[in-house]
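Written out below as structure tokens is the structure these notes cover.
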Amino acid sequence: MFELTALVVLSVLGYFFGRHAESKHFASIRAREAEYQSLLVFTEGKLPPGDWRSGGLVGGNVVISVDYFKRLAAGLRALFGGRLTTYESLLERGRREALLRMKEDALRRGASMIINVRLETASISKGQGDQIGSVEVYAYGTALRS
Amino acid sequence: MSYENPEQPEGINVTAEHPLREFFSLLLMLLLIVAVALTVLSLAAQSLARFVPFAVEARIAELLDGPLATVMTDETVAGDAESLAREAYIRELAVRLSGHMDLPAEMTVTARYSNAETVNAFATLGGQVVLFKGLVDQLPNENALAMVLAHEIAHVQLRHPIVAMSRGLTVSLALASVFGLTDNAGVMQLVQWLGVTSALSFSRSQERAADALAADAVLAEYGHLEGATDLFRALNGGAEEASASPGLPFPEFRATHPALSERIDVLAQRAAALGVSGQPTPLPW
């Protein structure tokens, strides 16, 4: 009975705090994406035509924790199969936040474009069964100054 | 090749569906599956339990020792001359009634009398039948006593205690294995507790079946059904006293049984259809 109560309390807390954090994060992501829209990013590795100087390697890194509710919902979903929607939004936040941090890094160096952009994703608590997991997303690329 | 970053539309990677909606629909599905699985298990256990030999049931009752130990404590077990006399009387009546009930040869019924004030009676594993002082005191004649005794013996004959226990045990063990109850002591406690509670958790259809068999036995013994309904009238009036003696882990006799008025009607109709009337046999106390 205690375990069940703890589970319910943790899930409810996870749901409300997690949802609040997520909606705040998405709002911040959207605002900053609009702000940095002029800084162009590409996966293309070749230099665009024109006169460019390298701004060096720029990168942005973010680690986001799974909340208890997301984990429970994903556990339920794992029984039936299908889209893990609670994790999808988590990774979406991670990728966009990492790209934004990379852009911030590039803007500090006075860059106007980032080419050869790559994304890496890692699970922090891999293999630790009972741990609430967290995900790391790292975005990096080559900054170019005109 | 033009170099530009068009604005990405929202909602490509994030679904618009509310997470709680998905969560609860999955939870509901899971609960449904669990409920269906438990129902199937429970039905299987119930239908298989009647094939457990009575000797095995008696051994289980001995091993558990729980159902009776909780009600037959030092204070309530028949000890003084009066309650011993009552117990002997009840046993003798039980033997006479069982004679009319066509019990299998290996099935033995042990009737016990308890000094507890509870207005109750029950049958449990191994053919153990217990009548409480609280109920016996309210019975006006031997026919009513015979009715309650035959009713409990009928439960034994129909294997209701072992069926109830098997059902409870199967469901509990299934739940325990799903939720990871690995503690052996916990499982043993569960089994003990089930032994106790299964004594009275019979379904209404089981109660009706027991009533019908009991009426047959009472009719065979006395030649009429006069006085038999007094049992239910006594139970009806004894509700307050029953709740005044707490501490016993049994639900009230009334709680799991069909409506008493309904049972009185069924019995009265049967007596009327029979067209035979007689005098209730008085009790010696």
I need the minimum non-hydrogen distance between A:Val41 and B:Asn5, along with the two atoms involved. N-OD1, 2.7 Å

In this structure, are over 12 heavy atoms from other groups packed under 6.0 Å from A:Phe80 atom CZ? yes

Mind ranking A:Leu90, A:Leu91, A:Leu40, A:Leu79 by heavy-atom pairs under 4.5 Å with chain B and telling me who comes out on top? A:Leu40

Which atoms of A:Arg83 come close to chain B, meaning under 4.5 Å heavy atom to heavy atom: side chain ones, backbone ones, both, or neither? both

Can you list the residues of residues 15-24 of chain B that sit under 4.5 Å from chain A, counting heavy atoms only? B:Thr15, B:His18, B:Pro19, B:Leu20, B:Glu22, B:Phe23

Excluding sequence neighbours, so at least two apart, what forms side-chain hydrogen bond (donor to acceptor under 3.5 Å, both in side chains) with B:Asn13? A:Glu92

Max heavy-atom pairs within cutoff under 4.5 Å with chain B, candidates A:Glu33, A:Met113, A:Arg30, goes to A:Arg30

Residues 98-109 of chain A: residues contacting chain B (heavy atom under 4.5 Å, by number): none

Contact class of B:Leu27 relative to chain A, heavy atoms under 4.5 angstrom: both

Cut-off 4.5 Å, heavy atoms of chain B, and the answer for A:Arg95 is side chain

Could you please state which residues from residues 36-45 of chain B sit under 4.5 angstrom from chain A, measuring non-hydrogen atom to non-hydrogen atom, sorted by number, or 'none'? none

